[in-house]
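Down below is the structure, laid out as structure tokens.
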Amino acid sequence: MPLAAWGTQKADYPSRYITAAAMMLAGADSARQAGDLIRQVWHNAIYQLADPRTDSYTREDGPAGAFLEDFGQALNKLFTGQGFRSQLSRIEENQALVSGLMEELDLPPDGEDGHQALYDLYDIYRSLTGLVTKPSGNLETFSNSLHSLCADFSGKYDTLRLS
């Protein structure tokens with residue numbers, strides 16, 4: 001259903017609120033999975049560790065090939081691979097849909113207590129999905145940020161469910 005079809009009636013707020021939270025949860029889970037793969041490829045490329053999940057990115061010709069000389073080459077193989085590009089595209093599509101929903105939820109009805117909690121969750125969601133779609137830093141800072149944002153998202157989502 002196009003976002004415009006939701007209308008702007010305050011009666012629609014609860015269902016849009018639930019939809020936004022559910023879409024953020026799905027997008028955050030996809031970002032966590034992608035982030036875990038980025039972290040593992042990065043780690044295994046640096047330390048030249050064999051792993052069936054990462055060998056196609058960290059080695060020249062798959063499991064039997066020599067390790068690539070530079071971890072940047074491994075990350076490039078990951079980010080240019082069709083499967084991972086599709087995964088990132090789905091995360092970016094989710095970002096766009098959630099952003100549109102959040103714009104519609106900008107003016108909550110009077111007495112809506114969970115509005116700030118949803119926006120707090122959205123801030124963490126944007127940071128998490130942004131980290132994965134445009135990673136930066138080094139392996140340690142990326143890994144720490146990924147772990148921290150996943151934990152923050154989980155905690156904030158639990159708070160949101162209870163409000």
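- Val98 and Ile124 fall within the same hydrophobic cluster, where Ile, Leu, Val, Met, Phe, Trp and Tyr residues are linked whenever their side-chain heavy atoms come under 4.5 Å apart, directly or through other members.
- For Lys156 (side chain) and Asp120 (main-chain N/O), no donor-acceptor pair under 3.5 Å exists by modelled atom type.
- Between the Thr19 side chain and the Ser15 main chain, a donor and an acceptor come within less than 3.5 Å of each other.
- Screening residues 20-39 for side-chain hydrogen bond (donor to acceptor under 3.5 Å, both in side chains), with sequence neighbours left out, gives Asp29-Arg32, Asp29-Gln33, Arg32-Asp36.
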| query | Stepwise, does the side-chain hydrogen bond (donor to acceptor under 3.5 Å, both in side chains) test hold for Gln87 with Arg90? | reply | CA-CA 5 Å; Gln87 189 176 2; Arg90 287 189 301 275; 5.4 Å; no

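- Leu68 and Tyr57 fall into different hydrophobic clusters, where Ile, Leu, Val, Met, Phe, Trp and Tyr residues are linked whenever their side-chain heavy atoms come under 4.5 Å apart, directly or through other members.
- Within the cation-pi definition used here (under 6.0 Å to the ring centroid, within 45° of the axis), Arg126 qualifies as a partner of Tyr122.
- Of the N and O atoms on the side chains of Tyr125 and Asn94, at least one donor lies less than 3.5 Å from an acceptor on the other residue.
- Side chain of Ser145 to main chain of Phe142: no donor-acceptor pair is present (N/O by atom type, distance under 3.5 Å, no hydrogens or angles).
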| task | Quick one: do Thr133 and Glu92 satisfy side-chain contact (heavy atoms from CB on, under 4.5 Å)? Show the steps, please. | result | CA-CA 8 Å; Thr133 58; Glu92 290 167 345; 3.9 Å; yes

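- Using a distance-only test at 3.5 Å, with no hydrogens or angles considered, a donor-acceptor pair links the side chain of Thr159 to the main chain of Gly155.
- Summarising the geometry of Ala31 relative to Leu128, their closest heavy-atom pair is CB-CG, 4.0 Å, with the distance given to 0.1 Å.
- To the nearest 0.5 Å, the span separating CD1 on Ile38 from CG on Leu139 amounts to 11.5 Å.
- Of all heavy-atom pairs spanning Leu37 and Phe84, the tightest one is CD2-CD1, 3.9 Å.
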| query | Does the side-chain hydrogen bond (donor to acceptor under 3.5 Å, both in side chains) test come out yes or no for Gln95 and Thr129, once each step is laid out? | reply | CA-CA 8 Å; Gln95 286 172 318; Thr129 56; 2.8 Å; yes

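- A pairwise comparison of heavy atoms in Ile91 and Ala34 identifies CD1-CB, 4.0 Å as the closest pair.
- Atom CG of Asp55 and atom OG1 of Thr58 lie 5.0 Å apart (nearest 0.5 Å).
- When atom types are taken as modelled, the side chain of Thr80 and the backbone of Asn76 share a donor-acceptor pair closer than 3.5 angstrom.
- Residues Ala20 and Met102 share a closest heavy-atom pair of CB-SD, 4.2 Å.
- Hydrophobic clustering of Ile, Leu, Val, Met, Phe, Trp and Tyr side chains at less than 4.5 Å, counting indirect connections, keeps Phe67 apart from Leu49.
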| request: Take Glu104 and Asp12 through the side-chain contact (heavy atoms from CB on, under 4.5 Å) test and state the conclusion after the steps. | output: CA-CA 10 Å; Glu104 290 184 12; Asp12 291 339; over 6 Å; no

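- At a cut-off of 3.5 Å, with distance as the only test, no side-chain donor of Gln48 or Asn44 sits close to an acceptor on the other residue.
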